[in-house]
Amino acid sequence: QVQLVESGGGLVQAGDSLRLSCAASGRTSNTYTMGWFRQAPAGNERTFIAILSASGGNTIYADSVKGRFTISRDSNKNAVYLQMNSLKPEDTAVYYCAAGAASTFYFAPVKTNAYHLWGQGTQVTVSS
C-alpha cells in the first residue's frame with residue numbers, strides 16, 4: 001500500500017514562492033493519477049488545485065492557480081511536487097496530496113472521492 005507524505009508548507013508573504021513535496025512510499029509513476037487539493041480555513045470541502053496524469057504527460061489546473069502553480073513528478077524519487085509562485089493570501093489552506101487510479105484523470109479528475117490515497121496535509125499560510 002502506497003503512503004503519501006507532504007512537506008514544504010509554511011508561512012510566507014504575498015508574492016513569495018513555495019514548493020510542496022509529496023513523497024510516496026511506493027512507485028506512483030505510470031500507475032496513479034496524482035493530485036494536489038487544498039482546504040481553506042473556513043471551507044468544508046477540499047478543492048482541486050492541480051492534477052497530473054499517470055503518464056506524466058497531461059495536467060489540469062484550477063483557474064485560480066493557472067499560470068502560478070506547476071505540478072510535476074520525479075519518478076526516480078517517487079515524488080510529486082507543487083511549485084507555487086506569486087502566492088496570494090487567498091492561497092492560505094491545508095494542502096493535500098492524493099493518488100487515484102490512472103483512469104481518474106480522464107473520468108473524474110477533480111472529484112475528491114475518486115482518489116483513494118491521501119497524505120496528512122501541510123499548512124500554507126500567506127500573509128498580506
Side-chain angles (χ1 to χ4, degrees):
Q1 179 78 345
V2 175
Q3 293 184 325
L4 306 176
V5 179
E6 302 97 333
S7 61
L11 172 63
V12 297
Q13 293 185 332
D16 286 351
S17 297
L18 274 178
R19 190 177 80 154
L20 303 184
S21 299
C22 174
S25 59
R27 181 182 177 86
T28 60
S29 62
N30 298 322
T31 302
Y32 295 111
T33 295
M34 299 300 298
W36 285 97
F37 293 74
R38 67 187 180 189
Q39 188 168 14
N44 295 321
E45 296 181 350
R46 294 180 187 181
T47 58
F48 103 96
I49 297 302
I51 312 294
L52 180 68
S53 64
S55 68
N58 297 290
T59 56
I60 303 172
Y61 292 96
D63 288 343
S64 59
V65 305
K66 200 172 294 183
R68 299 189 298 125
F69 291 11
T70 303
I71 187 171
S72 62
R73 163 185 274 149
D74 185 333
S75 299
N76 292 329
K77 296 182 178 179
N78 287 329
V80 177
Y81 305 100
L82 185 68
Q83 177 67 43
M84 305 187 295
N85 298 329
S86 302
L87 282 162
K88 304 175 181 180
E90 51 263 44
D91 293 320
T92 294
V94 178
Y95 284 71
Y96 296 90
C97 175
S103 59
T104 295
F105 184 89
Y106 302 100
F107 294 106
V110 305
K111 293 186 179 296
T112 56
N113 60 9
Y115 294 81
H116 59 283
L117 292 173
W118 292 85
Q120 83 288 351
T122 185
Q123 176 71 47
V124 173
T125 303
V126 184
S127 63
S128 57

Residues 87-101 side chain polar contacts: donor-acceptor under 3.5 Å, at least two apart:
residue, atom, partner, partner atom, Å
D91, OD1, R38, NH1, 2.9
D91, OD1, R68, NH2, 3.0
D91, OD2, R68, NH1, 2.8
D91, OD2, R68, NH2, 3.4
D91, OD2, K88, N, 2.8
T92, OG1, P89, O, 2.9
T92, OG1, V126, N, 2.9
T92, OG1, V126, O, 3.4
Y95, OH, R38, NH1, 2.8
Y95, OH, D91, O, 2.6

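Residues L52 and N58 have side chains not in contact (no heavy-atom distance under 4.5 Å, counting atoms from C-beta outward). Contact annotation: the side chain of V5 approaches that of Q120 to within less than 4.5 Å [non-hydrogen atoms, C-beta and beyond]. Put simply, the side chain of M84 reaches to within 4.5 Å of the side chain of V124, judged on heavy atoms. Side-chain atoms of I49 and F37, non-hydrogen and from C-beta on, never get closer than 4.5 Å to each other. With a 4.5 Å cut-off on side-chain heavy atoms, V2 and Y32 count as touching. Between F69 and L20 there is no side-chain heavy-atom pair separated by less than 4.5 Å. Taking the side chain as every heavy atom from C-beta outward, D74 and Y81 approach each other to under 4.5 Å.
Remark: the backbone N or O of T33 is not paired with any side-chain donor or acceptor of T104 at under 3.5 angstrom. In this structure, E6 contributes its side chain and S21 its backbone to no donor-acceptor pair below 3.5 Å. Of the possible donor and acceptor atoms, one in the side chain of R73 sits under 3.5 Å from a partner among the backbone N and O of S53. Of the possible polar contacts, one joining the T122 side chain to the G9 backbone as a donor-acceptor pair under 3.5 Å is found.
If you take CD on Q39 and OG1 on T112, they are separated by 9.5 Å, rounding to the nearest 0.5 Å.
Between S17 and S86 the shortest heavy-atom distance is OG-N, 4.2 Å. Of all the heavy atoms in G10 and L18, the pair that sits closest is N-CD1, 4.1 Å.
Few gaps surround NZ on K66; more than 12 heavy atoms of other groups in view lie less than 6.0 Å from it. Under a cut-off of 6.0 angstrom, the local environment of CD in Q123 is crowded, with over 12 non-hydrogen atoms contributed by other residues, nucleotides or ligands. More than 12 heavy atoms of other residues, nucleotides or ligands shown are found within 6.0 angstrom of OH on Y106.
Checked against the 6.0 Å centroid criterion, the rings of F48 and Y61 do not qualify as a close aromatic pair.
Under the 4.5 Å side-chain heavy-atom criterion for ILVMFWY residues, no single connected hydrophobic cluster contains both W118 and M34. Note on V80 and Y115: separate hydrophobic clusters, where clusters join Ile, Leu, Val, Met, Phe, Trp and Tyr whose side-chain heavy atoms are under 4.5 Å apart, directly or indirectly.
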Pair I51-W36, side-chain contact (heavy atoms from CB on, under 4.5 Å): steps then yes or no: CA-CA 6 Å; I51 312 294; W36 285 97; over 6 Å; no
